[in-house]
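Keep in mind the model is a prediction, meaning the values are calculated, not measured. Just so it is clear: chains get the letters A, B, ... in the order the sequence lines come, proteins before strands, and each one is counted from 1.
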Protein chains: 2
Amino acid sequence: MRPFFHPSIEDLRPEAILHALSDPDRAAIFARIATQGCVGSCSRLAALGERVIPKSSLSSHFKVLREAGLVRSERQGVEMRNSARCAEIDQRFPGLLPAILNAYAMSGGGDVKL
Amino acid sequence: MRPFFHPSIEDLRPEAILHALSDPDRAAIFARIATQGCVGSCSRLAALGERVIPKSSLSSHFKVLREAGLVRSERQGVEMRNSARCAEIDQRFPGLLPAILNAYAMSGGGDVKL
DNA sequence: CCCATAGTTCGGAAAATCGGAACTAGTGAA
DNA sequence: TTCACTAGTTCCGATTTTCCGAACTATGGG
């Protein structure tokens, strides 16, 4: 399994970002990665919520986030290290991520828990 | 056909807004309504781009925008008057809409033309 | 090598989207 | 009233996307 594909900054498309974050699970995953800086990843996240997200679903969620340019994934031994590309994205689309994360935080408050 | 359903401010969900605007066509429609204040609607929009959007698709696009709380639609004689609910949304989710519209404007520039 | 863990890929079922054709609503005219 | 025209919605089948269990791949120890 060779290194993953990560789009470069100039290839980021707003529709992909919005689509990726329009799913509450993915948004929660991303929020977690973004606020904690780094999360090593799937199974660790799966255990956090009361609802179990199957690992094949988690895998595809990460793929969507990755291909939207939201996270960077690197293999670290057996597991995965995911980091948010907030700074890069904020440079390209200023204020977008903060506004979205804030909107989710406002709405429901703890509704998006994972 | 009685008045449409419009969610109230406190019922707005970020995922619905992001989903609605994650489609470039819908985003372009909304951007137009938002910047022009008001657009009376479907067939008028359909003619603007070089690509023809069928009216059944336009109708469902408006439905998605409406139910996400992004636009308000009222019948005005034989046609429809659509207005953006920017102020209300910005009060609930500050900065969200400007950031998204700006992101689309940045990306592609005229890419999202309609 | 064998086993365990972390994650990806495959494949079929369920859900969402697209768009043409038919239908409904409002308006004006005869 | 009835006919015609326009604006938009609804219906429904075809295509596309999403979901998730099962099978597979990769890495690291014993």
Side-chain angles (χ1 to χ4, degrees), chain A residues 1-6 13 15-30 32-33 38-68 71-83 114, chain B residues 1-6 13 15-30 32-33 38-68 71-83 114:
Chain A
M1 204 151 299
R2 65 232 141 290
F4 287 114
F5 169 72
H6 294 94
R13 289 164 314 128
E15 60 264 41
I17 294 178
L18 296 186
H19 171 253
L21 296 179
S22 70
D23 179 279
D25 286 340
R26 277 195 298 261
I29 291 171
F30 178 72
R32 223 173 152 63
I33 297 177
C38 213
V39 165
S41 101
C42 294
S43 50
R44 212 153 317 193
L45 282 166
L48 294 178
E50 71 287 342
R51 184 172 49 94
V52 176
I53 302 176
K55 58 181 191 167
S56 63
S57 302
L58 277 174
S59 180
S60 70
H61 281 329
F62 274 102
K63 182 177 193 208
V64 170
L65 290 171
R66 213 162 38 230
E67 296 186 343
V71 306
R72 189 179 298 281
S73 310
E74 311 157 276
R75 175 152 239 147
Q76 185 113 345
V78 193
E79 44 180 55
M80 227 59 177
R81 184 136 307 254
N82 293 285
S83 49
L114 193 61
Chain B
M1 202 155 300
R2 66 228 118 305
F4 287 115
F5 168 73
H6 293 94
R13 288 163 314 128
E15 61 264 41
I17 293 177
L18 296 186
H19 171 254
L21 295 179
S22 71
D23 180 279
D25 286 341
R26 277 194 298 260
I29 291 171
F30 178 70
R32 219 168 156 64
I33 297 177
C38 212
V39 165
S41 96
C42 294
S43 50
R44 212 152 319 191
L45 282 166
L48 293 178
E50 72 288 340
R51 185 173 51 93
V52 175
I53 302 177
K55 58 182 190 166
S56 63
S57 301
L58 278 174
S59 181
S60 70
H61 281 329
F62 274 102
K63 181 177 193 210
V64 171
L65 291 171
R66 210 163 39 229
E67 296 186 344
V71 307
R72 188 179 298 282
S73 311
E74 311 158 275
R75 177 155 236 148
Q76 184 112 345
V78 84
E79 48 179 52
M80 226 61 176
R81 183 140 308 257
N82 292 285
S83 49
L114 194 60

- Query: Which is it for His19(B) and Arg26(B) under the side-chain contact (heavy atoms from CB on, under 4.5 Å) test, yes or no, and what are the steps along the way?
  - Reply: CA-CA 10 Å; His19(B) 171 254; Arg26(B) 277 194 298 260; 3.9 Å; yes
- Does the side-chain contact (heavy atoms from CB on, under 4.5 Å) test come out yes or no for Ser73(A) and His6(A), once each step is laid out? CA-CA 8 Å; Ser73(A) 310; His6(A) 294 94; 4.2 Å; yes
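Residue order along DNA chain D, read from the 5' end via each residue's closest nucleotide, puts Val78(B) first among Gln76(A) and Val78(B).
Separating the CD1 atom in Ile17(B) from the CZ atom in Phe30(B) is a distance of 8.5 Å, to the nearest 0.5 Å. Here CZ of Arg81(A) is found 13.0 Å from CZ of Arg75(A). Values are rounded to the nearest 0.5 Å. Going from atom CD1 of Ile53(B) over to atom NZ of Lys55(B) covers 14.5 Å, rounded to the nearest 0.5 Å. To the nearest 0.5 Å, atoms NE2 (His61(B)) and CD1 (Ile29(B)) are separated by 5.5 Å.
Between Phe62(A) and Val71(A) the shortest heavy-atom distance is O-CG2, 4.4 Å.
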Would you tabulate the pairs of protein nitrogen or oxygen atoms and nucleotide nitrogen or oxygen atoms of nucleotides 16-20 of chain C closer than 3.5 angstrom?
{"from": "dT17(C)", "atom 1": "OP1", "to": "His19(B)", "atom 2": "NE2", "distance (Å)": "2.9"}
{"from": "dG19(C)", "atom 1": "OP2", "to": "Ser57(B)", "atom 2": "OG", "distance (Å)": "3.2"}
{"from": "dG19(C)", "atom 1": "N7", "to": "Ser56(B)", "atom 2": "OG", "distance (Å)": "3.2"}
{"from": "dG20(C)", "atom 1": "N7", "to": "Ser56(B)", "atom 2": "OG", "distance (Å)": "3.2"}
{"from": "dG20(C)", "atom 1": "O6", "to": "Ser56(B)", "atom 2": "OG", "distance (Å)": "3.3"}

Between N or O atoms, less than 3.5 Å apart, protein on one side and nucleotides 1-4 of chain D on the other: list the pairs.
none

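With distances taken from any side-chain atom of Glu79(A) to the nucleotides dG7(C), dT8(C), dT9(D), the minimum falls on dG7(C).
Atom pair Phe62(A):CZ and dC19(D):C1' shows a separation of 17 Å (rounding to whole Å applied).
Residues that satisfy the salt bridge (charged side-chain N to carboxylate O under 4.0 Å, His left out) test with Arg66(B), not counting sequence neighbours, are absent from this structure.
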